[in-house]
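Below is one structure, written out as structure tokens; the observations come after it.
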Amino acid sequence: RAHTDAIAALNPRLNAYITTTADEALKAAQQADDVLAKGEARALTGIPLGIKDLFCTNGVRTTAASNILKNFVPPYESTVTANLLRDGAVFVGKTNLDEFAMGSANITSAFGPVENPWKRNGDEAALVPGGSSGGSAAAVAAGLAMGATGTDTGGSIRQPAAYCGIVGLKPTYGRCSRFGTIAYASSLDQAGPMARSVRDCAIMLQSMAGFDERDSTSVNCDVPDYSAAIGRSLKGLKVGIPAEYRAEGLSAEIAAAWQQGIEWLKAAGCEIVDVSLPHTKYGLATYYIVAPAECSSNLARYDGLRFGERVPGDTLDAMYEATRRAGFGPEVRRRIMMGTYVLSAGYYDAYYLKAQKVRTLIRRDFTEAFGKVDVLLTPTAPTPAFAQGEQSDDPVQMYLNDIFTVPASMAGMPAMSVPVGLGATGLPLGLQLIGRPFDEETLLATGSALE
Ligand code: GLN
């Protein structure tokens, strides 16, 4: 009730939820009471969660924040949300996002922008929550959910977590099933938890993770006890500091927070090691070829025939055109255009194939670094949250937000953003931990020493 009341009071301003399910949630909470009374509680019994509106939820509208899916009601449940329901979670609503998860500020949603619950000291300007999981981050930060699901293709869990002062974890590619999650770039998309503490993320991930035969890229390996990693001794843990992340555009306050994080980990007994990830500088350029290429292919299914909205036309082609013109916003169209361009005959070798090769080099950088260290510590984003309206006219400027998050995505490594304090203007700052494949435990252990 506290959460549904908070949603009723604050959502009109924050716009964190596209769809709220208060009545269903209160009913489910009542049932959770009975389960608790019988002593049959599971890990998430009665816990109110927000679900990014990219996860298909059976019988509950799922829009991907796009006009093309504005009335789409899936007839099935995504594996990740089914796992959360199995463990007793109560869903309070579907959270806002950038259209089809394409963006870094949650300003491309067809349902309007999300507002960050934080403000700069002495300044009423509305700030962006980051993106694309901006609705989830804002909901969790403002107490409109105890936790939320996010998806991360190039930073969409970590960057909004940093901007809103919460914890966000992108698991190893393959750790969580992608079944029933609306696809953006399939070789990169990964679901993960967003919550107000590292421990809450561990509990949520426990439920979300696991092999699923309906996702051929889901990996069949054991899911360890994540909560057991919290508070684990860090004595002797080798923490790498990649030189290339001292990039241009890194704000002084984030550089200072990074240094502070290094000191805290030293004090916890970690050994700090300088490392190099030489191909970092190609991360962004490579990502913005691979991700649009995959998106142009994935979004071909929105043809007005099988899913969502249809705008009639005199011929089949005219119907496709009218449907897609009305259905997709400008950023999604830009990505489809870029993607079809880099995949087209004549450009495929120069762009897409080249990007795939560079992707391999980026992955090798990490593999080499993890021969020397156990975990990497970097900033999550170059700046804290910025004002709505700033940057939005320049897509390339917007893409620069992802400079520190995309390399781990390209390599498939697990990564987490942890809030480490407030900056000069009173806004939360986040640091990123990147780990070895399937070693989310080290992220959780190290993260719990930083938060
Ligand atoms: N900002 C990046 C993009 O627009 C990442 C988005 C994401 O991770 N879904 O592609």
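Every number for a ligand or one of its atoms is a count from 1 in the order of the listing.
Summarising the local packing, CE of Met146 is surrounded by 12 or fewer heavy atoms from other residues, nucleotides or ligands at distances under 6.0 Å.
Atoms of ligand 1 lying under 4.0 Å from at least one heavy atom of Arg335, given by number and element, are 3 (C), 4 (O), 10 (O). For ligand 1 and Met102, the ligand atoms under 4.0 Å from any heavy atom of the residue are 4 (O). The ligand atoms of ligand 1 that sit less than 4.0 angstrom from a heavy atom of Tyr287 are 2 (C), 3 (C), 5 (C), 6 (C), 10 (O). Near Gly154, with a cut-off below 4.0 Å to any heavy atom, the atoms of ligand 1 are 5 (C), 7 (C), 8 (O). Residue contact check: Ser132 has heavy atoms under 4.0 Å from atoms 9 (N) of ligand 1. Atom numbering of ligand 1 starts at 1 in the shown order; those under 4.0 Å from a heavy atom of Gly103 are 1 (N), 2 (C), 3 (C), 4 (O), 6 (C). Close contacts between ligand 1 and Tyr184 involve ligand atoms 3 (C), 9 (N), 10 (O) [criterion: under 4.0 Å to a heavy atom].
Only side-chain heavy atoms of Tyr288 come within less than 4.0 Å of ligand 1; its backbone N, CA, C and O stay farther off. Contacts between Ala101 and ligand 1 below 4.0 angstrom, taking non-hydrogen atoms only, involve backbone and side chain alike. If you look at Arg158 next to ligand 1, there are no close heavy atoms at all, none under 4.0 Å. At a 4.0 Å heavy-atom cut-off, ligand 1 touches Thr153 through backbone and side chain alike.
Using cut-offs of 30° and 60° for the angle between ring planes, the Phe72 and Phe307 rings count as perpendicular. Ring-plane geometry between Phe370 and Phe366 is classed as parallel, the angle between the planes falling under 30 degrees on a 0 to 90 degree scale with a further cut at 60.
Ligand 1 is approached by Gly155 to a heavy-atom distance shorter than 4.0 Å.
Scanning all protein heavy atoms for the shortest distance to atom 2 (C) of ligand 1 gives Asp402 OD2, 3.2 Å. The nearest heavy-atom contact from the protein to atom 7 (C) of ligand 1 is Ser156 OG, 2.3 Å.
Residue Gly131 has no N or O atom closer than 3.5 Å to an N or O atom of ligand 1. When only interatomic distances are considered, the shortest N/O to N/O separation between Thr151 and ligand 1 does not fall below 3.5 Å.
A distance of 12.0 Å separates CG of Asp365 from CE of Met410, quoted to the nearest 0.5 Å. To the nearest 0.5 Å, atom OG1 of residue Thr63 and atom CG of residue Asp53 are 3.5 Å apart. In this structure, Tyr302 OH and Asn67 CG are separated by 13.5 Å, a value rounded to the nearest 0.5 Å.
Between Thr62 and the options Thr57, Thr81, Thr19, a side chain to side chain donor-acceptor pair (under 3.5 Å) holds for only Thr57.
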- Task: Before giving the answer on side-chain hydrogen bond (donor to acceptor under 3.5 Å, both in side chains), spell out for Ser132 and Asp98 the whole-Å C-alpha distance, their side-chain angles and the decisive distance to 0.1 Å.
- Result: CA-CA 5 Å; Ser132 67; Asp98 281 298; 5.2 Å; no

- How far apart are the C-alpha atoms of Tyr184 and Thr151, what are their side-chain angles, what is the distance that settles it, and do they pass the side chain to side chain contact (heavy atoms under 4.5 Å, CB included) test? CA-CA 10 Å; Tyr184 163 15; Thr151 63; over 6 Å; no

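Between Arg364 and Glu368 there is no salt bridge, since no side-chain N of the basic residue sits under 4.0 Å from a carboxylate O of the acidic one.
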